[in-house]
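One structure below.
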Amino acid sequence: MAMVVASSNIIHFLPASSDPPYELLRTHPSLALLSKCKSINHFKQIHSQFIKFGLHNTQFALSKLVEFCAVSPYGSLSYALSIFNSIHNPNHVIYNMMIRGYSLSSSPNLAINCYSGMLFIGLEPNSYTFPFLLKSCTKLSTANAGKQVHGQVFKFGLENDVYVHTSLINMYAQHGNLDDARMVFDKSNFRDAVSFTALITGYISRGYVDNARELFDTIPVRDVVSWNAMISGYAQIGQFDKALSLFQEMKKAKVTPDVSTLLSVLSSCAHTGGIETGNWVRSWIEEHGHASNLRLGNAMIDMYAKCGDLSMARNLFDGIQEKDLVSWNVMIGGYTHASNFRDALEIFRLMQINNVAPNDVTFLNVIPACAHLGTLDLGKWIHACIDKHYHDFPNETLWTSLINMYAKCGNIEAAKQVFSGMETKSLASWNVMISGLAMHGDASRAIELFSQMTKEGFRPDEITYVGVLSACCHGGLVNLGREFFISMMKDYNISPQLQHYGCMIDLLGKAGLFDEAMALIEQMEMEPDGAIWGSILGACRIHKNLELGEYAFKNLREVEPDNPGAYVLLSNIYAGFGKWDDVARIRTFLNDKGMKKVPGSTSIEVDSIVHEFLVSDRTHPRSDEIYRMLDEVDRLLEMAGHVPDTSEVYYDVDEEWKEDVLCQHSEKLAIAFGLISTKPGTTLRIVKNLRVCGNCHSATKMISKIFNREIIARDRNRFHHFKDGYCSCRDYW
DNA sequence: CTAGGGTTAG
């Protein structure tokens, strides 16, 4: 092997013994230049300085030149090699620096060649050689080379050097060979915090946190990295409480935290809602001059957002001058996490204005916001953006999120397109597609898709069955619903959860099968929740069942004492029986308790802007036009013979409820605005926060015919497609 | 003259 090759431009061959005294070399001014060198061109100038002063004839200076080229990020390994090749008899240091260079490069295997070359010319490796060589072995995917190098360590009697054995432990640990890592550790006669920590991180990365902790407790003197390894280990596996209590111990031990510590601690605070510790960390960061650290800033934003203090998060976010992608993502994610979807989209808009390119994390936080708000235009724009820039990164979660968004924004066709375009479908994608179809009342397609997914070998999970059962529920398919419910338990061993019972009880109740519904409630192994009693109560309203209605109300009030919806539904039942005294009694009770019903609101997206309306809302800038349109709508409805159904309306009871009679429900305002602000024939998509009332439902059916508009309405539970005077729910909801 | 252990969003 010819490791020593003369290079054409460097022709000096000198024996090592010609080095002048180290002191003269070490203090030479040209050496100081290297520490400031930031480019290879600058290095070449320094190199010629070395030649000019005759420094390049010394092993010392040559080792410095090779070190820079091989190790510095501004160096170049090929340049290091050309210098190395010009050296007649490189010493240990020069060889070590070449090996180190390879260990840092993308071809760590070449370190081994270099090591062979060193042996070939008769140089013995020393205690510095192996840490570098072992780092290369660590980077290799196979364990073979590492084993052999371990043999070399014995051969040269270096197994008791603490640096060498730490490198061995680390190498084995990184390869997942914890037994050998432990063996080296146990056999070594000297251990410090570094060698302990190497083994501890190995245990943690394989999930053996308890073994790691056992070891951690026996470290004689722990340094900050040991603490960090253990604290972040707990955080990684989700044991955030343990991470935080260990941090308290670290404070007691008077070990100063560094940036890594603080990042782990902030993340733990974020996950546990531990805002007190979070506040402490924040003041510590400010006192110790870390306030301008971007990563800490981002972690603090995340912590405050996840702990629910969005305004503090926003203050910190606004205070960061040089925001990076993560800053934007944590702020958007914070708002989405807190269900503050409008602000999430607002930050996203600011991000566009600031020309910051989004990534998949951004989209995963923005798309659900679009889904909740029903902003189809923005959702489409994001979809186009993903198609354009991120098609190379197939991200099933991203497509699944898009399917869900299209379904929730009322464009089920686009949802189907994204779904069928997915090359590899995940269980989650089948699930969102099925529940999307269910939401749109397309029970037959949902069920068809379910059988297709099982044919393709996917095993349905509990979420799949929530979708399937809710499809049956929205389609009124009682028999099929029963069959699926049984098959879920029998064929897939999924025990029904609250949501499954909820679907079944809703389905049975709406069909008037009260005995069966109540029997199912008896059968449940958990306490029925408010949704279940609510659906019984709602079914009692439809089927005018006063006795069961009162019973369901009693139970609902026990589970959700502060839910005014229970009183409203019961009042509806009384109204259906003409029991106005009871209606009034409930009203008085609600007023005395100061309970307000959740204000209904409806939003509509026009030209990518979301307009939100409340009952009798007059705050919109085009309010006058909207109310003129509303008058026109009411006039045409009356002409077409639309008679408001007064059975659900609270006559003579309350100012707020009177407005129902005036037909100024928020959905009608949104529709009126849609009619005046879009071209004739444009589909109107509205999103309502509550369930659509009977009056608005029948009015909207007629509006769709009179104005020749398709109106797609999302309420709390499902979609209604109004067209030509009909609704896709077939008045069953 | 050279060295070993650890890192943000979902």
Side-chain angles (χ1 to χ4, degrees), chain A residues 19 22-23 25-28 31 34 58-68 70-71 91-101 103 126-135 138 158 161-171 173-174 181 185 188 191-202 204-205 219 222-233 235-236 258-264 266-267 270 293-303 305-306 324-334 336-337 359-365 367-368 395 397-398 401:
Chain A
D19 271 19
Y22 282 137
E23 203 47 34
L25 292 167
R26 217 166 43 78
T27 53
H28 196 282
L31 260 179
L34 271 182
T58 68
Q59 294 273 354
F60 174 82
L62 287 167
S63 75
K64 288 291 173 198
L65 292 173
V66 171
E67 180 190 359
F68 179 87
V71 176
N91 66 4
H92 289 94
V93 183
I94 295 171
Y95 263 103
N96 288 346
M97 285 302 108
M98 279 311 290
I99 293 171
R100 186 184 180 195
S103 81
N126 62 11
S127 66
Y128 289 85
T129 313
F130 286 107
F132 303 135
L133 191 56
L134 286 164
K135 196 186 197 60
T138 307
L158 290 165
D161 182 277
V162 64
Y163 287 90
V164 176
H165 83 234
T166 304
S167 303
L168 279 167
I169 292 166
N170 188 49
M171 187 265 298
Q174 299 268 324
F185 177 83
S188 53
R191 306 181 192 111
D192 62 4
V194 184
S195 50
F196 267 95
T197 310
L199 187 55
I200 286 172
T201 15
I204 288 173
S205 69
I219 306 181
R222 282 157 239 183
D223 66 7
V224 65
V225 182
S226 326
W227 286 97
N228 289 350
M230 206 57 237
I231 291 172
S232 78
Q236 275 165 37
D258 66 3
V259 172
S260 301
T261 327
L262 299 167
L263 287 171
S264 298
L266 284 170
S267 154
N293 184 304
L294 186 56
R295 293 170 60 189
L296 284 175
N298 291 341
M300 285 195 287
I301 295 170
D302 189 46
M303 182 275 293
K306 294 240 171 71
D324 68 356
L325 180 59
V326 177
S327 321
W328 292 97
N329 285 351
V330 291
M331 197 64 237
I332 293 171
T336 297
H337 190 79
N359 69 353
D360 50 346
V361 178
T362 322
F363 294 131
L364 283 173
N365 284 310
I367 297 169
N395 186 335
T397 327
L398 214 49
S401 186

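Per chain, numbering begins at 1; letters A, B, ... match sequence-line order. In what follows, every heavy atom counts, from backbone to side chain, and hydrogens, waters and symmetry copies are set aside.
- Within the nucleic acid shown, S127(A) comes within 4.0 Å of at least one base atom, counting heavy atoms only.
- Looking at heavy atoms from C-beta onward, N298(A) lies in side-chain contact with D324(A) at the 4.5 angstrom threshold.
- Using a 4.0 Å heavy-atom criterion, one finds that A193(A) contacts the bases of the nucleic acid, with or without backbone contacts as well.
- Rounded to the nearest 0.5 angstrom, M97(A) CE and N91(A) CG are separated by 10.0 Å.
- Side-chain contact between L266(A) and D302(A): absent, with no pair of heavy atoms (C-beta onward) separated by less than 4.5 Å.
- Residue R100(A) is classed as a sugar-phosphate contact, given heavy-atom separations below 4.0 Å to backbone atoms only.
- Here V164(A) lies out of heavy-atom contact (under 4.0 Å) with every strand.
- In the 5' to 3' direction, nucleotides of DNA chain B lying under 4.0 Å from heavy atoms of chain A begin and end at dC1(B) to dG10(B).
- If you check every strand for non-hydrogen atoms under 4.0 Å, N293(A) touches nothing.
- Residue-level contact check: S226(A) touches the bases, meaning some heavy atom is under 4.0 Å from a base atom.
- For the pair T397(A) and D360(A), the minimum side-chain heavy-atom distance is 4.5 Å or more.
- Among the heavy atoms of the strands lying under 4.0 Å from T201(A) are primed sugar atoms or P, OP1, OP2 only; no base atom is included.
- When heavy atoms are screened at a 4.0 angstrom cut-off, N170(A) is found touching the sugar-phosphate backbone but no base atom.
- At least one side-chain heavy atom of I200(A) sits under 4.5 Å from a side-chain heavy atom of M230(A).
- Looking at L364(A) and T336(A), their side chains never come closer than 4.5 Å, going by heavy atoms from C-beta outward.
- Backbone-only engagement by S167(A) is indicated by non-hydrogen atom pairs under 4.0 Å involving sugar-phosphate atoms exclusively.
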